[in-house]
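Fair warning: this is a prediction, and the values are worked out from it, not measured in the lab. All ligand and atom numbering here is 1-based and tracks the order in the structure.
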Amino acid sequence: MSSPAQPSKPWTSVDELEEQAVPHLPASIAGYYLGHSERGVTVRDNVTAFTRWRLLPRCMVDVSTVNTSCTILGSNLLMPILIAPMAMQRMCHPDGELAVARAAASVGSGMILSTMSTAPLADVAEELPSSTHALKWFQVYVLSRRDVTAHMVKEAEAAGYTAIVVTVDAPRLGKRDIDDKLHFDIPPHLSLANLKALQEEAGRPASGHSQGSGFAAYFTSLIDPSLTWDCIAWLKSVTRLPILVKGVLAPDDARAAIRAGSDGIVVSNHGGRQLDGTPSALDVLPHVAAAVAGRVPILMDGGCLALGASAVLIGRPVLWGLTLGGEEGVRAVLSTMRAELELSMALLGALGANFSGVTSAILSFFPDTARSLRLDTIYPIQGFQRWRDEAAGFELVFPSAWSADLSVRRRLAEDASWQRPSPGLPPLGLAPRPSRGPVVAFGPRGTTGEENISVIVSRVGPSSSDSAQSLFPDEEGAQAFLDRVVARPSAGITAALRSLRTRTDGAGRVYTTMDFLVSSPRWQRANLSTYVMSGQSLYTLNCQCSAQNASDRARMFQVVTDNFAVAPRAPGQ
Ligand SMILES: Cc1cc2nc3c(=O)[nH]c(=O)nc-3n(C[C@H](O)[C@H](O)[C@H](O)COP(=O)(O)O)c2cc1C
């Protein structure tokens, strides 16, 4: 292909970007990227659907600060816009997937890397450092060769990808007439880097397929057409990563995906490239959101946060940016989209509108944004409410069906009266009582406390510099901590680390989260604990349940952990 192109003139819309990029690509590659199945009814409707909805702005809302950041399955992003998995990006630009990854990382977006990537998944992972606002997920096509699929998934987990997105709408490739006419195939200087071993084993597929698209024939030879919902359990048996299902349109399939153990749903018709005549992703989104009822995050192709998606995926515009300007071109596309989202949010006054009596059900339509505005201190959002403890300097969200543990509140009241005697009485002159446990705890109503979410604040002395580092730099350090602090060998109690991850807040504080299992001869408890230093205090958030309930509670605990935040305490506190 020709050398990377530059935009000939400034562009103001995705249509203009496409017009400029397409002439720079060989016809068969442009045809593949632009392509759709059959008559293109669905690809057109994906766009037209947006013209059938209208936005109703609310006035007189203070929008001097509009926040587009969000948290999705533990990743903090500066915008709820991710890059959809797209095959063979080196056909646009020599840097291909690497450039896209760099651009995503630089603007706080995220990338879902395709199985059909032309760069190896490990190389792409390196461009998306875990410490920044950069989500990296890996898209999986389940192949007839399950061993190869399992190997790829394990490799993705080892390379630091934090979720697997399994595409379920392509048991066969859709009928793509343009690709057939132009005999589209993988250019000879490129290869599907994640399937190299398979290609070497079977011999490289011959290009220039005389009967149509060589790529379509190759794809069909790879994919397992017998896939059913059992594959989610199979994927879970090969990886500990959350599994999202991409390609759901029917509400019943969303329910089935959750029953099968999916941790998220991507509403998508594959950009109109699979079955022609399916509804647009936008039109089905509200129905899927109703079926999902907040149990797992929903993402969608093309983008509408206000109808129930937590984040949106963009596809072809990224390829046009990549064609025209490599990394810089993709960055321009993402930055423009973020700026447009921010402007739309400001003009909508949408966030403040929720204060004017709109219910929590409506807040659930854009949960992450609503949470970032703390609207959940007033209304539950998707079943969670916010607890702010200004004196202790932290806030968290808790399941609104759970209640605060009254014994903790009673003990805190006792501590306070110990330090502040009743009015009129002389001061007792007593030293403050040392911290004796959590400052807040929540549990399901009517239970005895085995399941709980609690926060402990411990004074540890001046160590503010520690806040910028993870408390446990590696898994070995974290396991050593568990052995020392949690395990009690004399009572037969052991603690085993399952995973360790970190995130950083806007003030540079590092939140370290450990997933660990505590076992005694009689019981097993699953814990998700987050540790963060702020000022002179160590904050510990602990979410605990019985090991049997762990998979049921996983999503709830994830939301609580993702939204836990500390802030500097007022002077003297
Ligand atoms: C060129 C191209 C390649 C794609 N490759 C994949 C893929 O490898 N895996 C996948 O799950 N989806 C793939 N998709 C579908 C996208 O992930 C996404 O569903 C769709 O493109 C979004 O629509 P948009 O391009 O209109 O934004 C591809 C789409 C395009 C345009």
A.B. asks: Does the side chain of Y218 come within less than 4.5 Å of D185's, by heavy atoms?
C.D. replies: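 A side-chain contact under 4.5 Å is absent here.
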A.B. asks: Counting both backbone and side chain atoms, is some N or O of G315 under 3.5 Å from an N or O of ligand 1?
C.D. replies: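 Between G315 and ligand 1, an N or O pair is found under 3.5 Å apart.
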A.B. asks: Is the shortest distance from a heavy atom of G302 to ligand 1 less than 4.0 Å?
C.D. replies: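 Judged by the 4.0 Å heavy-atom criterion, G302 does not count as contacting ligand 1.
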A.B. asks: Describe, in one word, how the ring planes of F219 and Y141 are oriented to each other, choosing from parallel (under 30°), tilted (30 to 60°) and perpendicular (over 60°).
C.D. replies: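 Perpendicular: the ring planes of F219 and Y141 meet at over 60°.
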A.B. asks: Report, in ascending order of atom number, the atoms of ligand 1 lying under 4.0 Å from any heavy atom of G271.
C.D. replies: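 Answer for ligand 1: 19 (O), 20 (C), 23 (O).
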A.B. asks: Heavy-atom distances under 4.0 Å are what count here, so tell me which part of M86 touches ligand 1: side chain, backbone, both or neither.
C.D. replies: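 Both backbone and side chain.
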A.B. asks: What atoms in ligand 1 come closer than 4.0 Å to a heavy atom of A87?
C.D. replies: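 Within the 4.0 Å cut-off of A87, ligand 1 contributes 3 (C), 4 (C), 5 (N), 6 (C), 8 (O).
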A.B. asks: What do the steps show when you test R240 against E157 for salt bridge (charged side-chain N to carboxylate O under 4.0 Å, His left out), and what is the final call?
C.D. replies: CA-CA 8 Å; R240 287 186 304 182; E157 184 170 354; 3.8 Å; yes
A.B. asks: If you measure from atom 8 (O) of ligand 1 to every heavy atom of G272, A170, P317, S114, which option wins on shortest distance?
C.D. replies: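 When every heavy atom of G272, A170, P317, S114 is considered, S114 comes closest to atom 8 (O) of ligand 1.
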A.B. asks: Do D169 and N269 get their side chains close enough for a donor-acceptor pair, meaning under 3.5 Å?
C.D. replies: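 N269 and D169 do not have a side-chain donor-acceptor pair below 3.5 Å.
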A.B. asks: For R146, is the CZ atom crowded, meaning more than 12 foreign heavy atoms sit under 6.0 Å from it?
C.D. replies: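 Above 12, so yes.
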A.B. asks: What is the closest protein heavy atom to atom 6 (C) of ligand 1, and at what distance does it sit?
C.D. replies: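 Sorting protein heavy atoms by distance from atom 6 (C) of ligand 1 puts P85 O, 3.2 Å first.
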A.B. asks: For ligand 1, which atoms, with element, lie under 4.0 Å from some heavy atom of Y32?
C.D. replies: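 The atoms of ligand 1 under 4.0 Å from a heavy atom of Y32 are 1 (C), 3 (C).
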A.B. asks: In terms of heavy-atom contacts, does CZ of R172 have more than 12 from other residues, nucleotides or ligands at under 6.0 Å?
C.D. replies: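 Not more than 12 within 6.0 Å, no.
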A.B. asks: Out of all atoms in ligand 1, which are within 4.0 Å of some heavy atom of R316? Include the element for each.
C.D. replies: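 This gives 24 (P), 25 (O), 26 (O), 27 (O), 31 (C) as the contact atoms.
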A.B. asks: Quick test: of every protein heavy atom, which one is nearest to atom 9 (N) of ligand 1, and how far off is it to 0.1 Å?
C.D. replies: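 Nearest neighbour among protein heavy atoms for atom 9 (N) of ligand 1, to 0.1 Å: Y141 OH, 2.9 Å.
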A.B. asks: Any cation-pi pair here, R259 with W229, using under 6.0 Å and within 45°?
C.D. replies: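 No; the conditions do not both hold, so R259 does not lie above the ring face of W229.
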A.B. asks: With a 4.5 Å limit on heavy-atom distance, are the side chains of V333 and W320 in contact?
C.D. replies: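 No, their side chains stay 4.5 Å or more apart.
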A.B. asks: Can you confirm, on distance only, whether ligand 1 has an N/O atom lying under 3.5 Å from any N/O atom belonging to A84?
C.D. replies: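 The answer is no, given that A84 and ligand 1 share no N or O pair closer than 3.5 Å.
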A.B. asks: Which atoms of ligand 1 sit under 4.0 Å from any heavy atom of K246?
C.D. replies: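 Once the distances to K246 are compared, the set is 10 (C), 11 (O), 12 (N), 15 (C), 16 (C), 17 (O), 18 (C), 19 (O).
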A.B. asks: With heavy atoms of T167 as the reference, note each atom of ligand 1 found under 4.0 Å away.
C.D. replies: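 This gives 10 (C), 11 (O) as the contact atoms.
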A.B. asks: So do Y33 and L25 actually touch side chain to side chain, heavy atoms under 4.5 Å?
C.D. replies: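 Side-chain contact under 4.5 Å: yes.
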A.B. asks: For atom 15 (C) of ligand 1, which protein heavy atom lies nearest, and how many Å away is it?
C.D. replies: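 Minimum-distance protein heavy atom for atom 15 (C) of ligand 1 reads H270 CD2, 3.5 Å.
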A.B. asks: Please determine whether the number of non-hydrogen atoms from other residues, nucleotides or ligands lying under 6.0 Å from atom CH2 of W53 exceeds 12.
C.D. replies: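 Incorrect, the count does not exceed 12.
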A.B. asks: What atoms of ligand 1 come within less than 4.0 Å of a heavy atom belonging to S268?
C.D. replies: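 Contacts of ligand 1 toward S268, numbered from 1: 19 (O).
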A.B. asks: Quick one: does NZ or CZ of R273 land under 6.0 Å from the six-membered ring centre of Y32, within 45 degrees of the ring axis?
C.D. replies: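 The answer is yes, since R273 meets both limits relative to Y32.
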A.B. asks: For atom 31 (C) of ligand 1, which of the options Q89, M88, M300, R273 provides the nearest non-hydrogen atom?
C.D. replies: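 Nearest option to atom 31 (C) of ligand 1, by heavy atoms: R273.
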A.B. asks: I want to know if ligand 1 touches D301 in the polar sense, i.e. an N/O pair below 3.5 angstrom.
C.D. replies: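 N/O-N/O distance under 3.5 Å: yes.
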